Amino acid sequence: MPELPEVEAVRGELEPVMTGARFVEVQVRRPDLRAPFPRDFRARLIGQRVDALTRRAKYLLAALSSRDTLVMHLGMSGSFRVDVSAGRRPADDMVDRHDHVVFSMSSGAVVTFNDPRRFGIMELLTPDQLARHSVLSRLGPEPLSSHFNAAALARACKGKKTTLKAALLDQRTVAGLGNIYASEALHVAGLSPLRRASTIATPSGAPREAAVRLAAAIKRVLTRAIDRAAGRGYRSSRFRVYERAGEPCPRPRCGGTIRRRVQLGRSTFYCPVCQR
DNA sequence: ATTGAGACCTGTCGGC
DNA sequence: TGCCGACAGGTCTCAA
């Protein structure tokens with residue numbers, strides 16, 4: 001389910017019931033998500049207040065009054081459910097077999113993490129662990145921040161022998177793009193996903209025109225997706241090229257046909273006519 | 001250091 | 001109906 005826009009929508013739903021509230025009860029129903037839970041997970045959460053709920057790339061970060069940070073990732077199939085009138089404990093018939101973690105907050109809300117494939121992650125980090133985190137500390141810029149622009153993108157792609165698609169999926173290049181929005185952004189920018197990443201930069205790492213277009217396309221695609229994801233369900237809207245193999249290219253007067261091919265074991269959708 | 005392949009796990013969908 | 005393979009919005013590890 002979740003790339004940056006969807007994770008941002010989840011943040012928006014959790015924020016009002018979690019920020020300022022304390023963990024009253026924490027139930028770990030299955031401790032074997034992608035990374036094992038720390039032994040003292042429950043003890044370190046109960047009684048703590050959530051000072052802020054933020055997002056970094058596809059991670060949700062709950063800053064706690066203890067100075068620890070609760071890090072949450074939805075993986076491929078993770079989601080949160082918020083029950084405001086559920087009382088202290090959810091009724092048995094409200095529990096799904098993939099409900100792995102249940103937070104009862106002092107706001108009265110019960111927040112349940114559900115994840116069929118269990119690719120999701122929950123970890124509790126000290127300030128030191130957070131600062132040195134092998135993934136979090138190496139993430140690229142937030143695509144919608146001023147730190148991300150054509151210059152930053154070109155610098156990150158300089159010398160890269162991989163394809164543009166692979167470079168965009170690499171969270172060190174830019175943080176938060178996934179398989180759908182990488183394809184979408186490349187189509188908006190008119191750039192082939194098969195093109196060498198290094199070709200959008202000069203040898204010294206300065207942005208070429210393609211980098212300018214790609215950076216702008218990424219911002220545009222994500223901004224629009226956030227606006228839509230905030231409203232209704234994630235999958236409600238369809239996309240320009242994603243899952244549209246065989247359909248005509250949506251670019252006016254292009255006339256191409258959208259193609260699907262596999263890169264890095266994942267589907268890429270693109271128009272071979274207007275994406276060069 | 002970079003890169004691609006395979007692994008992780010469960011569910012769904014289409015074809016036979 | 002049942003079985004089987006392909007595929008799914010993400011990382012992580014490993015070997016070249």
Side-chain angles (χ1 to χ4, degrees), chain A residues 1-11 29-37 55-60 71-80 96-101 113-123 133-140 143 155-187 193-199 201 205 218 221-222 224-226 228-230 232-246 259-270:
Chain A
M1 167 181 41
E3 297 182 33
L4 186 154
E6 292 76 34
V7 177
E8 184 57 35
V10 170
R11 196 200 67 79
R29 308 183 70 242
R30 256 200 98 138
D32 53 339
L33 301 188
R34 205 173 80 220
F37 282 73
R55 180 195 55 71
R56 174 79 172 103
K58 300 167 194 168
Y59 293 85
L60 289 169
V71 178
M72 298 171 279
H73 193 289
L74 301 173
M76 288 280 259
S77 57
S79 63
F80 282 96
D96 179 271
R97 77 193 201 89
H98 300 301
D99 286 350
H100 303 315
V101 185
F113 178 66
N114 182 287
D115 184 7
R117 291 176 78 177
R118 283 183 282 121
F119 286 170
I121 280 196
M122 283 219 187
E123 49 186 342
H133 193 277
S134 61
V135 172
L136 290 173
S137 68
R138 283 166 208 171
L139 288 171
R155 214 179 310 128
C157 288
K158 170 189 158 189
K160 272 203 189 302
K161 304 216 277 207
T162 24
T163 60
L164 270 182
K165 172 80 183 306
L168 292 186
L169 290 181
D170 186 339
Q171 302 295 296
R172 294 167 306 184
T173 306
V174 51
L177 279 184
N179 203 41
I180 293 180
Y181 297 114
S183 278
E184 295 293 291
L186 286 165
H187 184 266
L194 311 173
R195 179 170 159 156
R196 256 187 182 230
S198 61
T199 62
I218 289 168
V221 162
L222 292 179
R224 294 196 58 220
I226 286 174
R228 277 180 301 179
R232 56 201 67 67
Y234 314 109
R235 205 63 199 270
S236 60
S237 60
R238 295 197 60 200
F239 306 100
R240 298 167 60 95
V241 292
Y242 189 79
E243 282 187 332
R244 285 186 182 275
R259 208 138 83 189
R260 168 186 182 271
R261 59 179 284 164
V262 175
Q263 291 181 283
L264 302 171
R266 339 256 339 251
S267 291
T268 296
F269 297 87
Y270 69 108

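Numbered from 1 within each chain, the chains take letters A, B, ... in sequence-line order. All of these numbers come straight from a predicted model, not from anything done at the bench.
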Nearest heavy-atom neighbours spanning R266(A) and L169(A):
NH1-CD1, 4.5 Å
Closest non-hydrogen atom pair, S267(A) against N179(A):
O-ND2, 3.0 Å
According to a strict under-4.0 Å criterion, is [X] in side-chain N/O contact with OP1 or OP2 of [N]?
X       : N       : value
H73(A)  : dG10(C) : no
H98(A)  : dG11(B) : yes
R266(A) : dG10(C) : yes
S77(A)  : dA8(C)  : no
R118(A) : dC8(B)  : no
R97(A)  : dG11(B) : yes
K161(A) : dT3(B)  : no

Taking atom [atom2] of [N] as reference, at what distance in whole Å does atom [atom1] of [X] sit?
X       : N       : atom1 : atom2 : answer
L60(A)  : dG10(C) : CG    : C1'   : 14 Å
R138(A) : dC12(C) : CZ    : C1'   : 13 Å
Q263(A) : dG10(C) : CD    : P     : 14 Å
N114(A) : dT10(B) : CG    : P     : 13 Å
K160(A) : dT2(B)  : NZ    : P     : 6 Å
D170(A) : dT11(C) : CG    : P     : 10 Å
L33(A)  : dC12(C) : CG    : C1'   : 15 Å
L74(A)  : dG10(C) : CG    : P     : 11 Å

Between [X] (side chain) and [Y] (backbone), is there a donor-acceptor pair under 3.5 Å?
X       : Y       : answer
Q263(A) : P193(A) : yes
E3(A)   : G176(A) : no
R30(A)  : H98(A)  : no

In whole Å, measure the gap between the [atom1] atoms of [N] and [M] for me.
N       : M       : atom1 : value
dG6(B)  : dA6(C)  : P     : 14 Å
dT11(C) : dT12(B) : P     : 23 Å
dC14(C) : dC9(B)  : P     : 15 Å
dG5(C)  : dA7(B)  : P     : 16 Å

Which residue, L264(A) or R117(A), contacts DNA chain C at a nucleotide closer to its 5' end, judged by nearest heavy atom?
R117(A)
Using 4.0 Å as the upper bound for N to carboxylate O, is an ion pair formed by R29(A) and D99(A)?
no
R259(A) atom CZ, over 12 foreign heavy atoms within 6.0 Å
no
Assign R260(A) to base, sugar-phosphate, or nothing according to its heavy-atom contacts below 4.0 angstrom with the strands shown.
sugar-phosphate
Mind checking G178(A) for me? I need base, sugar-phosphate or nothing, with any heavy atom below 4.0 Å counting as a touch.
sugar-phosphate
Student check: side-chain heavy atoms of I218(A) and L168(A) closer than 4.5 Å:
yes
Of the options dT11(C), dT3(B), dA8(C), whose atoms approach the side-chain atoms of Q171(A) most closely?
dT11(C)
For the side chain of T162(A), counting heavy atoms from C-beta on, which of dT10(B), dA8(C), dG4(B) is nearest?
dG4(B)
Name the stems that DNA chain B belongs to, where each is three or more consecutive Watson-Crick or G-U pairs with both distances under 3.5 Å?
B:2-8 with C:10-16, B:10-16 with C:2-8
Side chains of Y59(A) and E123(A), donor plus acceptor under 3.5 Å
no
Decide, applying a 5.5 Å centre-distance limit and a 30° plane-angle limit (both strict), whether F119(A) stacks on dT11(C).
no
